[in-house]
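Along the sequence shown, the residues carry numbers beginning at 1. Not measured: the values here are computed from a predicted model. Both backbone and side-chain heavy atoms feed into the values below; hydrogens, waters and symmetry mates do not.
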Amino acid sequence: MKPTIILTGCAGFIGSNFVNSIAQINEIRKAYNFLIIDNLTYCGIYESIKESIDNNEHLSFKRIDIRNPSEVAELKKIKNPHGIIHFAAESHVDNSIKNPNIFIETNIIGTLNLLNLSLKLRETNSNFRFLHISTDEVYGSLRELENAFTENHQIKPSSPYSSSKAGSDLLVKSYFHTYSLNTVITRCSNNYGPFQFPEKLIPKTIINGLSGMPIPIYGNGMNIRDWIYVDDHNRGVWAAYTKGKSGETYNLGGECEKRNIEIAKNILKRINRSEDLIIYTEDRLGHDWRYAVDIKKSQEELSWKPKTSFPEGIDKTIEWYKENQKWVQLAQARII
Ligand SMILES: NC(=O)c1ccc[n+]([C@@H]2O[C@H](COP(=O)([O-])OP(=O)(O)OC[C@H]3O[C@@H](n4cnc5c(N)ncnc54)[C@H](O)[C@@H]3O)[C@@H](O)[C@H]2O)c1
């Protein structure tokens with residue numbers, strides 16, 4: 001019987017791309033079964049992965065809320081467990097400012113429940129691995145010309161979202177140090193690509209731009225983020241899961257820093273729409289200025305690097321949103 005990897009949160013943006021691409025690679029599908037668990041929150045869209053699940057016997061789905069320890073404990077029965085790749089989270093910074101509580105419940109308590117499950121599953125497989133997907137936002141904000149964050153940088157999160165992710169990172173590290181659980185953490189910069197929920201900057205700019213609707217930009221739009229195409233991120237996640245050293249953290253970034261306003265203008269130019277659609281709105285509370293990660297360690301230890309240039313990735317993304325209007329309508333109807 002093939003070993004089973006549990007994937008959490010794969011009805012969401014990054015996880016659905018993982019299911020639709022990495023989990024379909026021939027040698028990976030031959031070697032593993034994947035059990036996807038997700039409780040399908042407003043941004044967990046089953047339709048994003050339905051076709052893959054319907055057409056692939058090595059993929060299966062179970063609706064589970066990771067906040068609920070007894071639902072998570074049901075997974076103790078899994079035969080031949082290999083590991084967990086943990087994507088599930090509340091992920092939208094703006095929502096965390098409006099309602100932090102659920103971020104603590106999902107991102108911290110949910111991760112704790114999965115770590116406890118991992119200790120149980122390790123009883124059947126001593127190498128059982130827990131890969132935790134984290135974010136560059138846990139490092140806090142960089143000034144304009146500071147060096148990008150390395151993995152050794154102290155964590156200094158600013159928003160309720162990044163604090164909840166930092167809390168879960170610390171818990172994962174504590175399970176490595178206290179119980180010698182085989183853990184790896186990846187910290188990635190801003191992703192873009194197909195299936196991203198319309199509340200985020202890039203899909204919102206594409207969708208609103210195509211339909212001539214206003215495109216809101218926080219403050220003066222000069223904040224900087226590093227951008228990575230989602231498939232590059234997921235290749236890094238798989239490299240970290242299969243090659244990462246236990247107890248280590250790996251940064252995954254696109255080496256592609258851009259100001260928010262540059263992103264909006266770039267997309268509008270590609271879809272042939274006027275910059276007049278951009279409206280500047282009151283700045284996000286506690287808005288971090290800049291994020292960027294140093295990816296040397298991942299390049300050296302995981303033999304990984306991002307491959308997709310921004311023009312290539314953004315054109316693919318725009319095409320995907322143009323061709324998937326039904327998905328866009330489905331997602332827009334679920335915005336909270
Ligand atoms: N999007 C980015 O740019 C980015 C960058 C760095 C790191 N990350 C991290 O990557 C991971 C995935 O991000 P995303 O953008 O795909 O998020 P997303 O919000 O699109 O998807 C999150 C998924 O988790 C599921 N989920 C939420 N609460 C759950 C619960 N209680 N039980 C079970 N499932 C639950 C949702 O239904 C959804 O399918 C997150 O851990 C996030 O912190 C994201």
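With rounding to the nearest 0.5 Å, the separation of CG in Asp283 from CD1 in Ile217 is 11.0 Å. To the nearest 0.5 angstrom, Cys188 atom SG is 8.5 Å from Ile133 atom CD1. One finds the NZ atom of Lys265 at 9.5 Å from the CG atom of Leu268 (value rounded to the nearest 0.5 Å). For the atom pair CD1 of Ile267 and OG1 of Thr317, the computed distance is 8.0 Å after rounding to the nearest 0.5 Å.
Side-chain polar atoms of Glu90 and Tyr42 form no donor-acceptor pair below 3.5 angstrom. A donor-acceptor contact closer than 3.5 angstrom links the side chains of Tyr139 and Asn251. Judged purely by distance below 3.5 Å, without hydrogens or angles, the side chains of Glu47 and Trp327 never pair a donor atom with an acceptor atom. With no hydrogens or angles considered, no side-chain donor-acceptor pair links His58 and Asn33 at under 3.5 Å. If you check the side chains of Asn324 and Tyr321, you find no donor sitting under 3.5 Å from an acceptor. No hydrogens or angles considered: nothing links the side chains of Tyr161 and Glu137 as a donor-acceptor pair under 3.5 Å. Counting only N and O atoms by type, the side chains of Thr150 and Asp294 include no donor and acceptor under 3.5 Å apart. Looking at Ser168 and His132, their side chains do bring a donor and an acceptor atom within 3.5 Å of each other. With 3.5 Å as the limit, one finds a donor-acceptor pair spanning the side chains of Arg29 and Asn56. Thr249 and Lys173 are linked by a side-chain donor-acceptor pair at a separation below 3.5 angstrom, with hydrogens and angles left out of the test.
Taking a 6.0 Å sphere around CD of Glu57, one finds it holds 12 or fewer heavy atoms contributed by other residues, nucleotides or ligands.
For Tyr46 and Phe61, the distance between ring centers is under 6.0 angstrom. The aromatic ring centroids of Tyr218 and His287 lie less than 6.0 Å from each other. Checked against the 6.0 Å centroid threshold, Tyr175 and Phe130 do not count as a close aromatic pair. Note: Tyr229 and Tyr192 meet the aromatic proximity criterion, with ring centroids under 6.0 Å apart. If you look at Tyr250 and Trp304, their ring centroids are not closer than 6.0 Å.
Of the charged side-chain nitrogens involved, at least one lies within less than 4.0 Å of a carboxylate oxygen, so that Lys62 and Glu74 count as a salt-bridged pair. In summary, Arg290 and Glu257 engage in a salt bridge, as defined by a charged side-chain N under 4.0 Å from a carboxylate O. Ion pairing between Glu248 and Lys297 holds under the 4.0 Å rule for side-chain N and carboxylate O. Look at Glu105 and Arg67 and you find a salt bridge, because one of the NZ, NE, NH1 or NH2 atoms lies within 4.0 Å of a carboxylate O, short of that distance.
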- Task: Quick one: do Thr186 and Leu131 satisfy side-chain contact (heavy atoms from CB on, under 4.5 Å)? Show the steps, please.
- Result: CA-CA 8 Å; Thr186 55; Leu131 184 129; 4.2 Å; yes
- salt bridge (Lys or Arg N to Asp or Glu O under 4.0 Å) assessment of Asp315 paired with Arg270: CA-CA 8 Å; Asp315 280 343; Arg270 284 169 194 278; 2.9 Å; yes
- Under the salt bridge (Lys or Arg N to Asp or Glu O under 4.0 Å) rule, what do Lys243 and Glu301 come out as? Steps first, then yes or no, please. CA-CA 8 Å; Lys243 297 186 208 156; Glu301 294 187 19; over 6 Å; no
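Applying the side chain to side chain donor-acceptor pair (under 3.5 Å) test to Thr41 and every residue at least two apart in sequence or in another chain returns nothing. By the side chain to side chain donor-acceptor pair (under 3.5 Å) test, His82 pairs with Tyr241, sequence neighbours left out.
Of all heavy-atom pairs between Pro194 and Val230, the closest is CD-CG1, 4.3 Å. For the pair Val293 and Ser189, the tightest heavy-atom approach, listed with the atom from each and the gap, is CG2-CB, 4.5 Å. Residue Ser91 comes nearest to Phe103 through the heavy atom pair N-CE2, 3.9 Å, listed as atom of the first residue, atom of the second, then distance.
With respect to Arg187, the side chain to side chain donor-acceptor pair (under 3.5 Å) criterion is satisfied by exactly one of Asp169, Asp136, Thr135: Asp169.
Placement of Val19 and Leu35 in two distinct hydrophobic clusters is found when ILVMFWY residues are connected by side-chain heavy-atom separations under 4.5 Å, directly or transitively. At a threshold of 4.5 Å between side-chain heavy atoms, the hydrophobic network of Ile, Leu, Val, Met, Phe, Trp and Tyr places Leu121 and Phe176 in two separate groups.
The cationic group of Lys200 does not satisfy the cation-pi geometry with Phe13, failing either the under 6.0 Å distance to the six-membered ring centre or the 45° limit from the ring axis.
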